Protein chains: 2
Amino acid sequence: MSEQLLWSSHYYLSAMDTCASNQPDRLRNFEAVCKRARVRMTFQRMAVFQEVAGNDEHPDAEAVYLSVRRQIPTISLDTVYRTLWLLKSLGLISTVGAPREKTRFDGNPAEHHHFLCTVCGRIQDMQPQGSYTLEIPESVKDVGRVERARIEFQGTCLECLKLKGDGDVSHGSTS
Amino acid sequence: MSEQLLWSSHYYLSAMDTCASNQPDRLRNFEAVCKRARVRMTFQRMAVFQEVAGNDEHPDAEAVYLSVRRQIPTISLDTVYRTLWLLKSLGLISTVGAPREKTRFDGNPAEHHHFLCTVCGRIQDMQPQGSYTLEIPESVKDVGRVERARIEFQGTCLECLKLKGDGDVSHGSTS
DNA sequence: TTAGCTGCAAACGTTTTGCACTCAC
DNA sequence: GTGAGTGCAAAACGTTTGCAGCTAA
């Protein structure tokens with residue numbers, strides 16, 4: 001937990017709160033987060049949240065919509081979208097990959113990783129070096145055969161740090 | 001061109017030098033790959049390839065289009081798209097993030113990584129374990145401040161391996 | 001009561017497709 | 001010469017928005 005705190009924005013704090021896998025706890029946390037953010041609790045939002053929180057298939061908006069519609073037949077796809085982005089902005093759920101972005105192409109033929117600046121959106125290549133050679137863990141055997149592993153670092157690039165007048169470029173480790 | 005240079009504050013300059021000096025080589029390789037795949041070499045394809053190969057800004061299709069148009073004013077955006085996907089299928093370029101995919105949502109509040117099966121498209125969560133704690137390298141200092149690091153493993157999941165009748169789930173390390 | 005939320009429909013931006021013409025092989 | 005590749009226009013797709021009515025606080 002202390003390591004996590006190094007990285008923490010409210011995301012991690014609320015994430016740790018909700019970590020308990022049982023739904024009532026997560027739902028209670030959801031209510032608390034909504035109250036704190038002065039966001040109204042509605043039936044639709046609860047249903048969407050429960051659907052995503054209790055689903056490990058990484059559903060897309062359409063899948064969430066189809067599933068929630070069984071409970072609320074009148075819900076609309078755009079409400080699902082609005083709710084999903086709201087939940088994300090509250091740190092209650094996350095997205096896989098870069099959402100709402102055009103496809104970007106990469107002509108660098110060497111194996112490398114990416115640093116994505118969340119402020120300006122620029123992506124910089126990072127050549128892998130000894131210090132962070134990534135060992136594929138034994139546990140992957142239980143999931144499948146890995147053909148490639150790519151790390152995406154997210155943060156603020158030097159130029160955006162300068163613009164913010166924040167020179168602190170401290171860094172740590174994550175797991 | 002030492003490894004160190006890549007990480008110096010002149011990262012971009014040296015990266016561009018590298019690309020420029022390799023261009024003839026890469027172009028020759030491009031021709032060879034096209035010939036092998038029985039894909040025709042056209043002026044448009046060469047221009048698109050050169051643009052992506054000599055550009056480390058991870059351009060989107062529109063940016064490639066605008067740039068190539070200076071050379072071939074009559075080229076169309078859809079040709080650029082078709083060519084980019086062709087180049088990707090030939091393994092000559094890659095895409096950043098999951099291309100041509102809907103946004104997928106993730107209700108798992110714990111810090112975790114993803115295993116993406118390139119056959120069936122399923123994404124599975126992988127809880128980080130001691131064995132693959134990811135140390136953020138010192139060199140990231142030269143790029144910016146990292147707030148998050150996520151690993152995306154790509155490969156074939158157990159079920160798809162079984163369907164292919166390929167039981168080999170060996171794995172190695174990548175850097 | 002009332003600001004915030006919803007559903008509808010229509011718009012949006014990116015990407016893909018059908019077609020007739022063109023050009024690399 | 002022939003079929004793969006191209007440009008055009010129009011469609012398709014996922015997603016977002018404006019608006020009028022509804023509802024949680």
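None of these values were measured; they are calculated from a predicted model. When reading the values below, keep in mind they use all heavy atoms of this one structure, side chains included, and skip hydrogens, waters and symmetry mates.
- Taking atom OH on B:Tyr65 and atom C1' on D:dC8, their separation rounds to 11 Å, with Å as the unit.
- Each of A:Arg40 and B:Phe43 lies near DNA chain D, and the nucleotide nearest B:Phe43 is the one positioned closer to the 5' end.
- The CZ atom of B:Arg104 sits 17 Å away from the C1' atom of D:dC13 (whole-angstrom rounding).
- Using the six-membered ring where Trp is involved, A:His112 and B:His58 have ring planes that are tilted, between 30° and 60° apart.
- One finds no side-chain N or O of A:Thr79 lying less than 4.0 angstrom from the OP1 or OP2 phosphate oxygen of C:dC5.
- Nucleic acid contact class of B:Ile75 (heavy atoms, under 4.0 Å, all strands): sugar-phosphate only.
- For A:Thr74, counting side-chain heavy atoms from C-beta on, the closest listed nucleotide (C:dG7, C:dT6, D:dG5) is C:dG7.
- To the nearest angstrom, C1' of D:dT6 lies 16 Å from CE of B:Met41.
- Proximity of A:Trp85 to the phosphate of D:dT15: no side-chain N or O atom is located under 4.0 Å from OP1 or OP2.
- Between B:Leu77 atom CG and D:dG5 atom C1' the separation is 16 Å, expressed in whole Å.
- Contact of the A:Gln154 side chain with the B:Val146 side chain is not registered, since no non-hydrogen atoms from C-beta on lie closer than 4.5 Å.
- Contact of B:Asp78 with D:dA10 (side chain to base): no donor-acceptor pair of N or O atoms is detected under 3.5 Å.
- For A:Ala61, the side-chain atoms get nearest to D:dT15 when compared with the rest of D:dT15, C:dC5, C:dT14.
- Between B:Thr103 and D:dT15 there is a side-chain N or O to OP1 or OP2 distance below 4.0 Å.
- Between B:Phe49 and B:Phe30, the gap from one ring centroid to the other is short of 6.0 Å.
- Per the geometry, CZ belonging to A:Arg45 stands 9 Å off C1' belonging to C:dT6, to the nearest Å.
- What separates NZ of B:Lys102 from C1' of C:dT14 is a distance of 15 Å, to the nearest Å.
- Taking both residues in full, the closest heavy atoms of B:Phe105 and A:Leu84 are given as CE1-CD1, 3.5 Å, listed atom of the first, atom of the second, then distance.
- The residue among A:Ser76 and B:Asp60 whose nearest nucleotide of DNA chain C is located toward the 5' end is A:Ser76.
- The interatomic distance linking A:Glu31 (CD) with D:dA25 (C1') rounds to 13 Å, in whole Å.
- For A:Arg82 and C:dG7, a side-chain-to-base donor-acceptor distance below 3.5 Å is present, hydrogens and geometry of angles not being considered.
- Counting heavy atoms from C-beta on, the side chains of B:Glu152 and B:Leu116 come closer than 4.5 Å.
- Residue contacts shown for B:Gln44 are limited to sugar-phosphate atoms, with no base heavy atom under 4.0 Å away.
- Between the P atom of C:dC5 and the CG atom of A:Leu87 lies a distance of 12 Å, rounded to the nearest Å.
- Where B:Leu86 and B:Phe105 meet DNA chain D, the nucleotide closest to each residue was compared, and B:Leu86 sits on the side nearer the 5' end.
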